[in-house]
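Data block below; observations after.
Labels below follow one simple rule: chain letters A, B, ... track the order of the sequence lines, proteins then strands, and each chain is numbered from 1.
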Amino acid sequence: MPELPEVEVAARNLRRWGQGRRIRAAWADARAKRIFRPANPATARQLAGARMDGIQRIGKNLLLTLQGGPGASRANRSGARETSAAALDPQFGLWSHLGMTGKWVRRRSGDPRPPHARVDLTLDDGSRLVYVDPRMFGRLRWVPGARFDAVAELRALGPDPLTDGIEAPRLAERLAVLPARLAIKVALLDQSLLAGVGNIQACEALFRARIDPRRPAATLGRVEVGRLRRGILASIAHTLEALADPSSGGVADADSDIRYVEDDRGDNPFLVYARAGQRCTRCKRARIERVVQAGRATFYCPYCQRA
DNA sequence: ACCCGTGTTCGCTG
DNA sequence: TCAGCGAACACGGG
């Protein structure tokens, strides 16, 4: 269930673990075709031997650029090196979306495969990158030529707050034309507005901006949009810090997988998320309420975020 | 046992 | 026509 901060940590981990390394062998759970479905049988061969050249993140999406080439997909039984044209331009991409429960973990070559492993890549240093996803809401898709700019779903993404920043005037324009009754909290979950904001970050950002999550998005004024912009950036930055700090349940060591910050025992690092019934830490008067919007839980302070 | 869930898409309905 | 809702995906945790 990662949002932008968790996916950013995953991207950093993958760079540290795999950038520049070759994939020696690849395994995919045959029963999990919905997650990883190579375009054709040749892709499996192409994966083994490819070198991981780069890992980018846009919103909640991980974009891996891989390079095959002589000695890559051809490093097989005969050992013969082919230099055909087909083998010379073997760049391709993998688009990874973690869904709700997906994560990339690192294992040693002899380690048992973790429960719910869906894809298992053995690297040339003997380590393995394993994609684990119990609920199988995530996806790992083949992108020919690493042409991520040709993928419609990625094209549709709005600016990424961390890498692109947020232009308040542009955000205000986008909000102004939304359906008249669409709540700002619901609007923020739309990845074409801003890429990477999910349920937690939307709740946290609105609390920081002191905006009622039920307010129609189109009614926000310039000042409020400005506060919202700062709230989103601050919430993402705060969550990233919490993830990086082991004492708050973040990434504990080099081999650890993603820790969701709320896994932290007893110490929820969020200001309102999952705090229904607790006294608001800012006003110290009202209690945090939980409502459902578009089927998702929203947490907010009815005093700080009054209309 | 029952309810909930950090994501997203699809189909139905008013 | 389309905004809005619930279901579906599949499983662990409280």
Scan the side chains in residues 145-154 of chain A for donor-acceptor partners under 3.5 Å anywhere in the protein, sequence neighbours excluded, and list what turns up.
| unit_1 | atom_1 | unit_2 | atom_2 | d |
| --- | --- | --- | --- | --- |
| Arg147(A) | NE | Asp149(A) | OD1 | 3.1 |
| Arg147(A) | NH2 | Asp149(A) | OD1 | 3.4 |
| Arg147(A) | NH2 | Asp149(A) | OD2 | 3.3 |

Q | Sugar-phosphate or base contact per nucleotide [nucleotides 8-14 of chain B; S, B, -; heavy atom under 4.0 Å] | A | B------

Q. Quick one: salt bridge (charged side-chain N to carboxylate O under 4.0 Å, His left out) partners of Asp53(A), sequence neighbours excluded?
A. Arg51(A)

Q) Distance between the C1' atoms of dC9(C) and dA1(B), in whole angstroms? A) 22 Å

Q: Under the side-chain hydrogen bond (donor to acceptor under 3.5 Å, both in side chains) rule, collect the residues that match up with Thr163(A), sequence neighbours excluded.
A: Asp160(A)

**Q.** Value in whole Å for how far the P atom of dA3(C) lies from CG of Leu182(A)
**A.** 9 Å

Q: Please state the P separation for the pair dT8(B) and dG12(C) - nearest whole angstrom.
A: 22 Å

Q: Give the B/S/- string for nucleotides 9-14 of chain C, one per nucleotide from 5' to 3', where a protein heavy atom under 4.0 Å of the base yields B, of only the sugar-phosphate yields S, and otherwise -.
A: BBBS--

**Q.** Residues Arg118(A), Asp29(A): salt bridge by 4.0 Å N-O rule
**A.** yes

**Q.** Under the side-chain hydrogen bond (donor to acceptor under 3.5 Å, both in side chains) test, residues paired with Gln201(A) that sit two or more places apart
**A.** Ser235(A), Thr239(A)

Q | Whether Phe299(A) and Tyr273(A) hold their rings parallel, tilted or perpendicular, with breakpoints at 30° and 60° | A | perpendicular

Q) Tell me, what's DNA chain C's dot-bracket, Watson-Crick or G-U with both distances under 3.5 Å, | for other-strand, [ ] crossing? A) .||||||||.||||

Q: Can you run down the salt bridge (charged side-chain N to carboxylate O under 4.0 Å, His left out) pairs that involve residues 161-170 of chain A, sequence neighbours left out, and say none if there aren't any?
A: Arg170(A)-Glu173(A)

**Q.** Under the side-chain hydrogen bond (donor to acceptor under 3.5 Å, both in side chains) test, residues paired with Arg128(A) that sit two or more places apart
**A.** Asp120(A)

Q.
Tell me the interatomic distance from Gln293(A), atom CD, to dC4(B), atom P, rounded to whole angstroms.
A. 17 Å

**Q.** Arg227(A): partners by salt bridge (charged side-chain N to carboxylate O under 4.0 Å, His left out), with sequence neighbours left out
**A.** none

Q: Check the distance between dG7(B)'s C1' and Leu194(A)'s CG and give it to me in whole angstrom.
A: 17 Å

Q) Considering residues at least two apart in sequence or located in another chain, which fulfil the side-chain hydrogen bond (donor to acceptor under 3.5 Å, both in side chains) criterion with Lys185(A)? A) Asn199(A), Thr298(A)

Under 3.5 Å, sequence neighbours excluded: what are the donor-acceptor pairs made by side chains of residues 205-214 of chain A?
| unit_1 | atom_1 | unit_2 | atom_2 | d |
| --- | --- | --- | --- | --- |
| Asp212(A) | OD1 | Arg214(A) | N | 2.8 |
| Asp212(A) | OD1 | Arg214(A) | NE | 3.0 |
| Asp212(A) | OD2 | Arg214(A) | NH2 | 2.9 |
| Arg214(A) | NH1 | Tyr300(A) | OH | 3.1 |
| Arg214(A) | NH2 | Tyr300(A) | OH | 3.3 |

Q.
For a quick check of understanding: with a heavy-atom distance under 4.0 Å over all strands, which category does Arg31(A) fall into, base, sugar-phosphate or nothing?
A. nothing

**Q.** Interatomic distance where OH belongs to Tyr273(A) and C1' belongs to dG7(B) [whole Å]
**A.** 12 Å

Q: Report the residue (Pro179(A) or Gly295(A)) whose heavy-atom-nearest nucleotide on DNA chain C is the more 5′ of the two.
A: Pro179(A)

Q: In whole angstrom, give the distance that lies between atom CD of Glu3(A) and atom C1' of dG5(B).
A: 12 Å

**Q.** Atom-pair distance (NZ on Lys185(A); C1' on dG7(B)), nearest Å
**A.** 12 Å

